[in-house]
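Before any comments, here is the structure.
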Amino acid sequence: MLITYTLQHLAVDGICGAALAAYAVREEFLEPIIFYFALYNLLAFGLQAAAGFFLDKHEKFLRAAFVVSLVALGLGIFSAPEIFAQVIFLGVGNCLFHVTAGSIVLRSFKTYKELGLFVSSGAIGLALGLNQLVDAKIFLVIYFALTCYILTNFKPENLPSPEIFSGQKNSGKSFFAAVSCAILLLSCVIMRGFGGGGTSAEFVMLFPIIFAAGKILGGVCCDKLGWQNTILLIFVAGFSSLQFEGLVPLAVLTLTFNMTMPLTLRLLHFCNPRCPGLMFGLAAGCLLPGAFFKENFTVAVQAMVVIQFLILFVAWKIFSRKNLAVEAA
């Protein structure tokens with residue numbers, strides 16, 4: 001099922017990217033493009049925490065959320081040229097898929113590599129869509145077929161209990177530690193939102209592939225080396241890349257920023273194992289500052305690398321001392 005969710009992720013982001021790109025090439029003015037892309041991002045990422053919290057409390061609606069997502073994305077394609085309605089449908093459809101599949105993957109696996117694989121495909125699908133290399137209707141057919149397969153085989157009652165992720169019983173101190181860790185990890189997600197991108201006018205698919213590779217590599221390294229050693233590897237590789245100029249060092253730096261994604265998602269789940277949808281949605285929402293304020297962000301990249309490392313290091317120390325989750329140790 002993991003491969004199915006991963007391919008769904010590619011298709012969903014591809015649908016949204018292709019549909020928005022089709023609108024953008026028709027629009028004569030830049031201001032409406034900026035507005036509607038911003039509105040889409042607000043809906044797709046900003047609503048995930050609320051949607052995830054609802055689905056955490058009402059697991060019986062998980063299957064229905066896939067159906068609503070499919071219908072909304074379909075309407076998002078075929079509602080053009082009514083761009084406002086199109087953006088609403090695309091944003092809601094994207095939101096519901098991400099938080100539904102994301103919470104299921106968090107619940108279904110206890111390690112990191114599965115999360116890395118699941119989140120990796122979105123960048124590929126988005127790039128294929130935005131560059132109009134694949135039509136939105138083709139992505140929709142793929143998503144329809146995969147969703148039918150999910151609806152046939154998935155039963156919410158068969159999901160593992162959230163208890164398998166819990167460590168020691170909650171106390172006042174461990175609750176405070178969990179909240180502190182969650183704030184630190186969400187801060188790291190914000191940093192990644194500002195620093196995890198790259199540009200290449202010559203090779204439009206180069207950096208999306210690097211995004212995907214970084215997320216997969218981050219998950220594998222966490223499982224093989226432990227997440228404590230992975231944060232050190234990320235820091236050393238990222239800081240070393242800053243000592244050079246050119247496309248390769250930029251690619252390495254982008255790779256390292258994206259390596260933190262499966263790590264932060266899994267550790268956020270450990271902070272509140274009973275609410276995987278909420279924690280996944282909070283992480284998604286923390287990418288919004290990077291989407292809206294990147295041009296006004298003045299912190300040097302060197303400082304971002306150091307700050308990211310310090311945030312993760314402090315989170316590790318809190319996890320180690322309070323044993324927030326057995327699996328995180």
Side-chain angles (χ1 to χ4, degrees), residues 1-13 48 51-53 55-56 59 62-63 65-66 69 96-124 146-147 149-167 178 181-182 185 188-189 211-231 258-284 312 315-316 319 323-329:
M1 295 292 278
L2 176 63
I3 296 299
T4 303
Y5 296 130
T6 301
L7 293 175
Q8 279 184 304
H9 192 182
L10 185 149
V12 167
D13 282 7
Q48 284 192 38
F53 182 74
L55 291 173
D56 290 336
E59 292 182 354
L62 283 171
R63 296 176 82 251
F66 279 117
S69 171
L96 286 176
F97 164 75
H98 276 84
V99 77
T100 304
S103 64
I104 291 172
V105 173
L106 279 171
R107 284 272 296 274
S108 300
F109 304 95
K110 300 171 71 173
T111 51
Y112 297 81
K113 59 181 179 293
E114 294 87 1
L115 275 173
L117 180 62
F118 169 69
V119 297
S120 68
S121 60
I124 304 296
L146 294 170
T147 302
Y149 176 78
I150 289 291
L151 296 176
T152 303
N153 294 276
F154 170 69
K155 295 181 179 179
E157 58 268 24
N158 292 338
L159 278 174
S161 168
E163 300 295 333
I164 66 171
F165 292 99
S166 299
C181 273
L185 293 166
C188 182
V189 176
F211 301 159
K215 294 162 188 174
I216 295 172
L217 181 61
V220 172
C221 286
C222 284
D223 288 335
K224 298 295 184 181
L225 306 176
W227 69 272
Q228 305 93 322
N229 293 324
T230 301
I231 64 173
N258 282 276
M259 285 176 66
T260 64
M261 183 171 281
L263 188 154
T264 50
L265 284 174
R266 176 59 71 205
L267 297 187
L268 278 167
H269 185 209
F270 285 148
C271 290
N272 189 358
R274 300 178 191 277
C275 295
L278 172 63
M279 303 315 286
F280 191 96
L282 286 173
L312 292 173
W316 166 54
F319 266 97
N323 192 24
L324 292 179
V326 173
E327 292 83 358

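Reckoned from all heavy atoms, side chains included, excluding hydrogens, waters and symmetry mates. The chain is numbered in sequence order, starting from 1.
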Problem - Side-chain donor or acceptor of H9 paired with backbone N/O of S121 under 3.5 Å - result: no

Problem - side chain to side chain contact (heavy atoms under 4.5 Å, CB included) evaluation trace for K215 with T260 - result: CA-CA 7 Å; K215 294 162 188 174; T260 64; over 6 Å; no

Exercise for the section: Decide side chain to side chain contact (heavy atoms under 4.5 Å, CB included) for F118 and L265; before the verdict, give the C-alpha distance in whole Å, the side-chain angles of both, and the deciding distance to 0.1 Å. Expected result: CA-CA 11 Å; F118 169 69; L265 284 174; over 6 Å; no

Problem - Option passing side-chain contact (heavy atoms from CB on, under 4.5 Å) with L62 (candidates D56, V99, T100) - result: T100

Practice task
Check for a donor-acceptor pair, side chain of S120 on one end and backbone N or O of L117 on the other, with a separation under 3.5 Å.
Solution key: yes

Problem - T6 and V119, any side-chain heavy atoms less than 4.5 Å apart - result: no

Exercise for the section: Could you list all the salt bridge (Lys or Arg N to Asp or Glu O under 4.0 Å) pairs where at least one residue sits in residues 1-12, not counting sequence neighbours? Expected result: none

Completion exercise
Minimal heavy-atom distance between Y5 and F97, with the atoms involved, is O-CZ, 3.7 Å

Fill in the blank from the handout: Tested for salt bridge (charged side-chain N to carboxylate O under 4.0 Å, His left out) against E59, the lone hit among K155, R274, R107 is R107

Exercise for the section: Report yes if the side chains of F109 and L2 come closer than 4.5 Å at any heavy-atom pair, otherwise no. Expected result: yes

Exercise for the section: Give the minimum heavy-atom separation between A283 and L268, together with the two atoms involved. Expected result: CB-CD1, 3.8 Å

Handout entry: Heavy atoms from other residues, nucleotides or ligands near CZ of F154 exceed 12 (cutoff 6.0 Å)
Key = yes

Handout entry: Sub-4.5 Å side-chain heavy-atom contact between F66 and Q8
Key = yes

Exercise for the section: Show your reasoning for whether side chain to side chain contact (heavy atoms under 4.5 Å, CB included) applies to C181 and L267. Expected result: CA-CA 8 Å; C181 273; L267 297 187; over 6 Å; no

Practice task
Please examine the side chains of D13 and H98, heavy atoms only from C-beta on, and report whether any two atoms are closer than 4.5 Å.
Solution key: yes

Exercise for the section: Using atom types as modelled and distance alone, determine if a side-chain donor or acceptor of T230 lies under 3.5 Å from a backbone N or O of C221. Expected result: yes

Problem - Worked verdict on S103 versus L55 for side chain to side chain contact (heavy atoms under 4.5 Å, CB included) - result: CA-CA 9 Å; S103 64; L55 291 173; 5.6 Å; no

Exercise for the section: Without swapping roles, check the side chain of D223 against the backbone of T111 for a donor-acceptor pair under 3.5 Å. Expected result: no

Exercise for the section: Name all residues meeting the side chain to side chain donor-acceptor pair (under 3.5 Å) criterion together with T264; count only those two or more places apart in sequence or in a different chain, and write none if there are none. Expected result: R192

